[in-house]
Trainee: 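Encoded as C-alpha cells, here's the structure I'll be asking about.
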Amino acid sequence: KIGERLRTRAVAVALCVGCVCGGALASPTPGQVVELTDSERAYLSVHNPVSLCVDPDWWPFEVIDDAGRHKGIAAELLALVSERTGVRFVVHATPNWEAAVAASKSGQCLVMSFLNRTPDRDQWLRFTQPVLIDPNVLITREEHPFIADLAALKGATIALPKATAMHERITREFPNLRVLDTHSEPESLGWVSEHRADMTLRSLIVAAHTIKTGGWFNLKISGLIPGYENRLAMGVLHSETTLLAILEKGVASLTDDDRRQAVDKHVSMKVVTEVKRDYTLAIGLGLLLLSVLATVPVHPPAIPIGQAQAAG
C-alpha cells in the first residue's frame with residue numbers, strides 16, 4: 001500500500017528540530033492583534049486592499065482554486081497576518097509561478113506570498129522574516145542509491161522549475177550538475193519518473209503529499225542537502241517600506257502552534273524511530289527523523305496515477 005511504502009521506505013529523511021516552525025522571531029504579543037503606528041494606520045487607510053501574487057499551483061503550500069480563492073498552508077498563515085495587522089490581501093491571479101514573478105517585477109502586485117529570498121529577488125523585493133521553514137529533499141527513481149554528497153555526482157541531471165529559488169541556487173552552487181528547465185514541480189517529477197532526469201529537489205511537505213496521493217510508485221526520497229531548507233517569507237516591493245514594517249509585525253505574531261495547525265490541516269507529521277540503513281543520513285547533522293503522512297488530498301495533483309506527463 002502507498003501509505004506503508006512511505007512509512008518504510010520513501011520518507012525516512014532528516015529534518016531539523018522546528019523546521020516546520022518559523023524559527024526564532026521576536027514576538028511581543030504572539031497570537032494577538034499587533035499595534036500599529038499612526039503612519040502605518042495611515043498607510044493602510046490609503047492602500048488597502050493590498051495586491052498579492054501567489055503560486056497558483058503549489059499544493060499543499062498554496063493554490064488558486066476554481067473559484068479564484070487562495071487556499072493552502074500559505075493562505076492559512078497569511079489570513080492570520082491579515083487578521084492581526086488589518087492588511088487586506090486581494091490576489092492578483094496569474095496562470096503560473098513564472099507569470100507571478102513577472103507580475104511582481106512589473107509592480108502589478110505589492111506583495112509575493114510565500115517564497116525564498118535570493119540575490120536575484122533582492123533586486124526588487126525586501127523580505128519579512130520566514131513565515132514557515134521547510135527542508136527540501138532529493139527525489140529520484142526507486143533504483144537510485146541514497147545521495148550522501150550531491151557535489152560528488154558528475155554530469156547528473158536535475159529537473160527544476162524555472163524562476164525558482166532552488167533553480168537559481170543549484171545552478172550557481174553545483175556546476176557538476178546539469179540543470180534541466182521545467183515549468184512546474186509536477187513536470188519535474190514526471191521527467192524523473194520517465195528517465196528524462198536523474199532527480200529533482202522538492203519541499204519535504206510537498207514531496208510527501210505528492211508521492212502519496214499522486215501514485216508515483218517508482219519514485220523515492222533519496223536524501224537532502226544541508227542548508228537548503230525553504231525559508232518561506234513574504235516579499236514586498238522596495239518602494240513599500242511601511243507595508244514591509246506592518247507585515248513584519250504580523251509575521252512576528254505567528255506562534256509555533258499557528259504554524260503547526262496550518263500544516264496539520266493539510267499534511268500530518270509524526271516522528272519515527274527506525275530508518276532503513278541505506279537512507280541513514282550523517283549523524284553529525286544532529287537531525288530528527290520524520291515520517292510524513294499526507295492527509296486525504298483537498299486539491300489532488302494534476303498528474304493522475306501512472307500518467308506522469310511533462311506539462312506544456
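Count residues from 1 along the sequence.
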Trainee: Would you sort out whether L110 and V236 count as a side-chain contact (heavy atoms from CB on, under 4.5 Å), showing the intermediate values?
Mentor: CA-CA 6 Å; L110 299 185; V236 183; 5.6 Å; no
Trainee: Any idea which heavy atoms bring A75 and H70 closest together, and the distance?
Mentor: CB-O, 3.3 Å
Trainee: Just checking, R169 and Y228: is the charged tip under 6.0 Å from the six-membered ring centre and within 45° of the axis?
Mentor: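 So R169 does make the cation-pi contact.
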Trainee: Tell me yes or no: between the side chains of S253 and Q32, is some donor less than 3.5 Å from an acceptor?
Mentor: no
Trainee: Can you name the nearest heavy-atom pair linking G235 to L125, along with the distance?
Mentor: C-CD2, 3.9 Å
Trainee: May I ask you to check whether over 12 heavy atoms, not counting those of R178, lie within 6.0 Å of atom CZ?
Mentor: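 No.
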Trainee: Can you tell me if R141 uses its side chain to pair, donor with acceptor, with the backbone of V192 under 3.5 Å?
Mentor: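 At least one qualifying donor-acceptor pair exists.
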Trainee: So which heavy atom on P161 is nearest to which on S188, and how close?
Mentor: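 Scanning both residues, the minimum pair turns out to be CD-OG, 3.5 Å.
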Trainee: Does T200 use its side chain to pair, donor to acceptor, with the backbone of A159 at less than 3.5 Å?
Mentor: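 Yes; at least one donor-acceptor contact below 3.5 Å.
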Trainee: So which atom in P60 and which in V267 form the shortest heavy-atom distance, rounded to 0.1 Å?
Mentor: CG-CG2, 3.6 Å
Trainee: Tell me, do M199 and I147 make a side-chain contact under 4.5 Å, heavy atoms counted?
Mentor: yes
Trainee: Measuring from atom OG1 of T85 to atom CD1 of I246, what distance do you get when rounded to the nearest 0.5 angstrom?
Mentor: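 Here the rounded value is 7.0 Å.
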Trainee: Is it the case that the ring center of H183 lies less than 6.0 angstrom away from the ring center of W97?
Mentor: no
Trainee: Short question: side chain of S193, backbone of G190 - any donor-acceptor pair under 3.5 Å?
Mentor: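 No, the answer is negative, given that no donor and acceptor are paired below the 3.5 Å cut-off.
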Trainee: I'd like to know if D66 pairs up with K71 as an ion pair, taking the criterion as any Lys NZ or Arg NE/NH1/NH2 lying under 4.0 Å from an Asp or Glu carboxylate oxygen.
Mentor: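 Looking at K71 together with D66, the answer is no, because their closest N to O distance does not fall below 4.0 Å.
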Trainee: Examine distances only and state if a side-chain atom of S106 and a backbone atom of A103 form a donor-acceptor pair shorter than 3.5 Å.
Mentor: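 Yes; judged by distance alone, with no hydrogens or angles, the pair exists.
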Trainee: Take F61 and L132 through the side-chain contact (heavy atoms from CB on, under 4.5 Å) test and state the conclusion after the steps.
Mentor: CA-CA 10 Å; F61 282 139; L132 188 76; 3.8 Å; yes
Trainee: Determine yes or no for a side-chain-to-main-chain donor-acceptor pair under 3.5 angstrom, with E168 supplying the side chain and D120 the backbone.
Mentor: yes
Trainee: Report the residues that fulfil side-chain contact (heavy atoms from CB on, under 4.5 Å) with A245, sequence neighbours left out, ordered by chain and then residue number.
Mentor: E40
Trainee: Got a donor-acceptor contact below 3.5 angstrom from the N176 side chain to the A151 backbone?
Mentor: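 Yes; at least one donor-acceptor contact below 3.5 Å.
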Trainee: Please find the pair of heavy atoms, one from F114 and one from A74, that lie closest to each other, and give the distance.
Mentor: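 In this case the closest contact between F114 and A74 is CG-CB, 3.6 Å.
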Trainee: Under 4.0 Å between a Lys/Arg side-chain N and an Asp/Glu carboxylate O for D264 and R260?
Mentor: no
Trainee: Roughly how far, to the nearest 0.5 Å, is CG of D134 from CZ of R202?
Mentor: 11.5 Å
Trainee: Distance check, rounded to the nearest 0.5 Å: L77 atom CG versus R259 atom CZ?
Mentor: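 Between atom CG of L77 and atom CZ of R259 there are 7.0 Å.
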Trainee: When you compare the side chain of L254 with that of R84, does any pair of heavy atoms fall below 4.5 Å?
Mentor: yes
Trainee: Decide yes or no for C53 and V111: does some side-chain heavy atom of the first lie under 4.5 Å from some side-chain heavy atom of the second?
Mentor: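 No, too far: nothing below the 4.5 Å cut-off.
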Trainee: For the side chain of E62 and the backbone of V54, is there at least one donor-acceptor N/O pair under 3.5 Å apart?
Mentor: no
Trainee: Assess the residue pair L177 and T157 against the criterion (side-chain contact (heavy atoms from CB on, under 4.5 Å)); give the C-alpha distance rounded to whole Å, side-chain angles, the decisive distance to 0.1 Å, and a yes or no.
Mentor: CA-CA 6 Å; L177 300 178; T157 55; over 6 Å; no
Trainee: Please check this pair: side chain of N136 against backbone of S203, looking for a donor-acceptor N/O pair closer than 3.5 Å.
Mentor: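 Pair found, side chain donor or acceptor close to backbone of S203.
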Trainee: Judged by atom type as modelled, is there a donor-acceptor pair below 3.5 Å linking the side chain of T164 to the main-chain atoms of L160?
Mentor: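 No.
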Trainee: Donor-acceptor pair, T171 side chain versus H167 backbone, under 3.5 Å?
Mentor: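 A pair under 3.5 Å: yes.
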Trainee: Calculate, to the nearest 0.5 Å, the distance between atoms OG1 and CG belonging to T94 and D55 respectively.
Mentor: 7.5 Å
Trainee: Taking atom CG of L115 and atom CG of N230, what is their separation to the nearest 0.5 Å?
Mentor: 10.0 Å
Trainee: Please determine whether side-chain contact (heavy atoms from CB on, under 4.5 Å) holds for the pair E98 and K162, giving the CA-CA distance in whole Å, both sets of side-chain angles, and the decisive distance to 0.1 Å.
Mentor: CA-CA 7 Å; E98 292 175 66; K162 295 186 293 184; 3.7 Å; yes
Trainee: Contact between E240 and V50 at the side-chain level, heavy atoms closer than 4.5 Å - yes or no?
Mentor: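 In short, these two side chains do not touch, never coming nearer than 4.5 Å.
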Trainee: Can a side-chain donor-acceptor contact be found between T182 and W191 if the only test is distance below 3.5 angstrom?
Mentor: no
Trainee: Check A233 against F127 and note the closest heavy-atom contact, atom names and distance.
Mentor: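 Closest approach of A233 to F127: CB-CD2, 4.3 Å.
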Trainee: Answer yes if the side chains of D198 and H144 hold a donor-acceptor pair under 3.5 Å, and no otherwise.
Mentor: no
Trainee: Examine the side chains of H238 and R126 and answer whether a donor and an acceptor come within less than 3.5 Å of each other.
Mentor: no
Trainee: Roughly how far, to the nearest 0.5 Å, is OG1 of T118 from CZ of R172?
Mentor: 7.5 Å
